[in-house]
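Here the structure is a predicted model, which is why all the values come from computation and not from measurement. We count ligands from 1, going down the list as the structure has it; atoms in each ligand are counted the same way.
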Amino acid sequence: MDTWARSVSTDLSLISLECVVERLNRDIAPAPSLFDLVPDSIAICTPLTRGLRPGANRLTFRRAALGAAAHYVGTYPVLDRAVARAWLDAAAEPWRFLFVVFPGVDGISHLKDPFHPAVLESYRLVDRALGAFVARVRKQGDLPAFFVVSDHGMTAMREHADPAVLLEGDGVRTLRHPVHVWRRKARVATMVSGNASVQLYFDPRSGRGQPLTESTIPASLLDRLLALPAVRLAAWRADAGGVVVRTQQGMARLTETPGVICYQPDSGDPLGLGGYLELDDRDLLSRTRETDMPDAPRQLLQLFQTSRAGDLVLAATPGADFRGPWEIPEHMAGHGSIIVEHMEVPIAASVAIPDAPLRTVDLMPTILERLDVPVPSGVVLDGVPFSKIAAATEPLVR
Ligand SMILES: [Zn+2]
């Protein structure tokens, strides 16, 4: 949301928010959204709107206006209270799927600390809003199924190691958001996310249609970036398909054939998996669960499937991010890396949760199954419904 939140006036924010929403909606185009598949949906404060019927998208403009204010001045409780009111108002309406976003916990954590009293208070606000909603719905009949989930974890940031500033210092012209987006003759573009991961594009205005692979990535820049203590891991596309994963101590390759992911260390053990592995996706998810980067093989392979992913991706160590203290407002906490603190999220649900590692993408097929909405033929969702995961983990009855 940075592109809109940094606009200087509310009007500009509104316009660029619309632009960002349109692009987010277009980016998810190959697969239907839950709103596409469940037309009787209402969404409150969502950045993704595709498939919502007219009038079903609540707080759009207030999200833009209050969201911009919240980003700069920290007035997230105002936005969260507006969400809570809209949620309560929706209780009496007909809907099959209700999607409610509270931006406060994330927003205030960025500005202060993930455990700051104001952040804990914003959790309580969500709790009270849920209680008020349940009380109102209970009066009207049966309760719906509930899923409460976060999209990422968060850590306090003690070190801002900005690759763009580092490269500029070396004389490498670097394009970065939001102040140097028009950098002339840029040799590198750095796109920070979250702020603990960054995607780097070499010769961003070359017009090249295909991303770079291992043999064409500038080795000197790679070595310079890998030497940063803030970097937990670097990854890029292998020449022959798959992904190369590198740390200062080691290098490995990830490849995927139907049904099997292969982790092949060339030196060391950068993902901490104990050596060569060939496992089914879900078995590998379980295996990575105890490492400091759960689900890293699947996440990295998936990331590089899109040609728009950077030529090179860096993920930060705990406590470090990739934006300098120049950022306004300075982020005191962040997310976006592939480390356990950012990857693990709580899932609370009123339905039985399988005793197995889950991904948040498993929620969509679970919700569809719950609503008796079939996944259209030809559509492949990333997740697996809880029912299938539970069936796979039950011991065989003899
Ligand atoms: Zn955030």
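Using a cutoff of 4.0 Å between basic side-chain nitrogens and carboxylate oxygens, Asp382 and Arg359 are not scored as salt-bridged. Between Asp80 and Arg128 there is no salt bridge, since no side-chain nitrogen of the basic residue lies less than 4.0 Å from a carboxylate oxygen of the acidic one.
The aromatic rings of Phe386 and Phe147 sit perpendicular, their planes meeting at an angle over 60°, well past the 30° parallel limit.
The distance cut-off of 2.8 Å around the Zn ion (ligand 1) captures these protein N, O or S atoms, sorted by chain and number: Asp106 OD1, Asp106 OD2, His110 NE2, His335 NE2.
Within the structure, ring pair (Phe, Tyr, Trp, His ring centres under 6.0 Å) contacts touching residues 215-241 (residues at least two apart or in different chains) do not occur.
Side chain of Thr247 to main chain of Gly250: a donor-acceptor pair is present (N/O by atom type, distance under 3.5 Å, no hydrogens or angles).
Asn57 and Thr49 are not linked by any side-chain donor-acceptor pair at a separation below 3.5 angstrom, with hydrogens and angles left out of the test.
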